[in-house]
Amino acid sequence: MDIDLLKRTLAELGEPKYRANQIWEWTARGANGYEEMTNLPELLRLELDERVPFSTLELIDSAESRDGTIKALFHTHDKRPVEAVMMKYLDGRRSICVSSQSGCPLTCTFCATGTMAFGRNLTTSEILDQALFFKRLENEVNHLVFMGMGEPMMNIDNVLAACEKLPDIGITNRRTTVSTVGWLPGIERFNAQDRPVRLALSLHAADPKLRSEIMPVNDRYPLEDVLIACRKHYAENNRRVYIEYVMLAGVNDHTKHARQLAKLLTPHEAFKVNLIPYNPTGTGYDGSARTTIGAFRDVLLHQGVPATVRLTRGQDIAAACGQLVADAIQDAAIRPARPSQGRPPASD
Ligand code: SAH
């Protein structure tokens with residue numbers, strides 16, 4: 001819901017100021033529309049229905065994976081595609097992955113989002129409306145990551161404004177993560193505020209030459225400078241920075257790369273590495289074998305670097321990391337998402 005439009009409309013209708021809060025509270029709790037807001041006068045509900053769309057996003061399509069992951073494709077009012085995903089885990093975690101931009105202007109060579117046209121930054125309301133869509137499907141949502149389309153640090157003001165509102169939906173800032181390629185001005189802005197939001201860095205290669213090859217942004221903001229900002233984040237907040245490392249067969253997955261990474265992250269206390277099995281995107285890369293990923297993790301652990309391997313979810317509906325590219329829903333072998341949650345995944 002466009003909160004500014006809502007406030008303007010309420011003012012034009014001569015409504016008291018507290019109405020905006022009332023309406024937001026209903027919305028944040030997962031109401032399906034104005035008609036459910038029983039403490040608003042009926043005429044006002046009808047008026048709002050006409051004048052303030054309940055969501056800034058129009059649902060175009062959705063799909064549900066065998067593992068319960070749900071992916072949704074939306075359009076903004078100006079027809080920009082936006083995708084978001086919700087992952088469900090057996091321990092009750094409901095984790096929403098939202099987009100911060102329509103498309104992405106960066107051109108990481110392995111990522112599908114980079115291959116589609118860049119649209120624009122999403123507004124705060126467009127970010128929140130992705131989370132609210134899932135809130136309406138599944139009342140209990142509790143984690144959120146900015147790991148969908150786009151580079152959140154290029155849209156940091158709207159990302160932080162969304163973070164301010166997420167606790168109303170049930171997602172605390174401690175359970176919110178912003179992931180970046182290392183867009184330094186954004187990280188500096190992020191460091192200058194004091195919300196306890198988690199920072200994650202997509203690192204993917206310790207060697208500067210290799211990193212520049214797969215992530216051209218590395219030429220603009222060298223890793224050395226980015227890691228200084230990450231260490232500052234840890235020193236000031238005592239929250240570890242998560243290092244994302246996508247495992248590309250024959251590219252960055254040799255044990256020598258693991259040793260380089262361990263060395264680069266010395267001293268280790270500021271970081272935790274999350275190895276990401278690569279999800280195929282048709283960009284010409286293969287994912288590393290499970291055994292290779294295991295050997296890589298063991299080198300890191302042996303060198304004293306905390307490291308885990310990320311669970312892959314939603315691959316069958318192209319909802320996994322890096323697979324968000326707006327036309328993917330039609331292409332994937334899917335079954336439509338149902339409003340009810342269905343059975344939880346059999347294993348994790
Ligand atoms: N632009 C931000 C936010 C997107 S997060 C960032 O890059 O951090 C998406 C995460 O998924 C990033 O770590 C990205 O590198 C990773 N990723 C991209 N393509 C992938 C793929 N095909 N398989 C697995 N992970 C991928």
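Read the numbers this way: they start at 1 and go in the same order the structure lists the ligands and their atoms. Numbers for residues simply follow the sequence, beginning at 1.
The distance from the CE atom of Met1 to the CG atom of Leu6 is 6.0 Å, given to the nearest 0.5 Å. Between atom CZ of residue Phe54 and atom CG of residue Leu132 there is a gap of 7.5 Å, rounded to the nearest 0.5 Å.
Heavy-atom proximity to Val246, at under 4.0 Å, picks out these atoms of ligand 1: 24 (C), 25 (N). The ligand atoms of ligand 1 that sit less than 4.0 angstrom from a heavy atom of Ser202 are 6 (C), 7 (O), 8 (O), 12 (C), 13 (O), 15 (O). Ligand 1 places these atoms under 4.0 Å from at least one heavy atom of Glu151: 1 (N), 2 (C). Those atoms of ligand 1 that come under 4.0 Å of a heavy atom in Glu244, given as number and element, are 10 (C), 12 (C), 13 (O). Of all atoms in ligand 1, numbered sequentially from 1 with element shown, those under 4.0 Å from a heavy atom of Thr180 are 6 (C), 8 (O). Atom numbering of ligand 1 starts at 1 in the shown order; those under 4.0 Å from a heavy atom of Cys111 are 18 (C), 19 (N). Annotation for ligand 1: atoms under 4.0 Å from non-hydrogen atoms of Gly148 are 4 (C). Residue contact check: Gly150 has heavy atoms under 4.0 Å from atoms 1 (N), 2 (C), 3 (C), 4 (C) of ligand 1.
In terms of heavy-atom proximity, Phe118 sits nearest to Asn121 at CZ-N, 4.1 Å.
For the pair Arg29 and Glu36, the salt-bridge criterion is not met [side-chain N within less than 4.0 Å of a carboxylate O]. Taking the charged nitrogens against the carboxylate oxygens, Lys232 and Glu188 have no contact shorter than 4.0 Å, which rules out a salt bridge. Salt bridge Lys209/Asp207: absent, no basic N to carboxylate O contact under 4.0 Å. With respect to Arg8 and Glu12, no salt bridge is recorded, no charged nitrogen being found less than 4.0 Å from a carboxylate O.
Between atom 14 (C) of ligand 1 and the options His204, Met247, Gln101, Met153, the minimum heavy-atom separation is to His204.
When ring centroids are compared, Tyr245 and His257 stay outside the 6.0 Å threshold.
At a 3.5 angstrom cut-off on N or O pairs, Pro277 does not count as close to ligand 1. For Thr281, no nitrogen or oxygen atom sits less than 3.5 Å from a nitrogen or oxygen atom of ligand 1, counting backbone and side chain alike.
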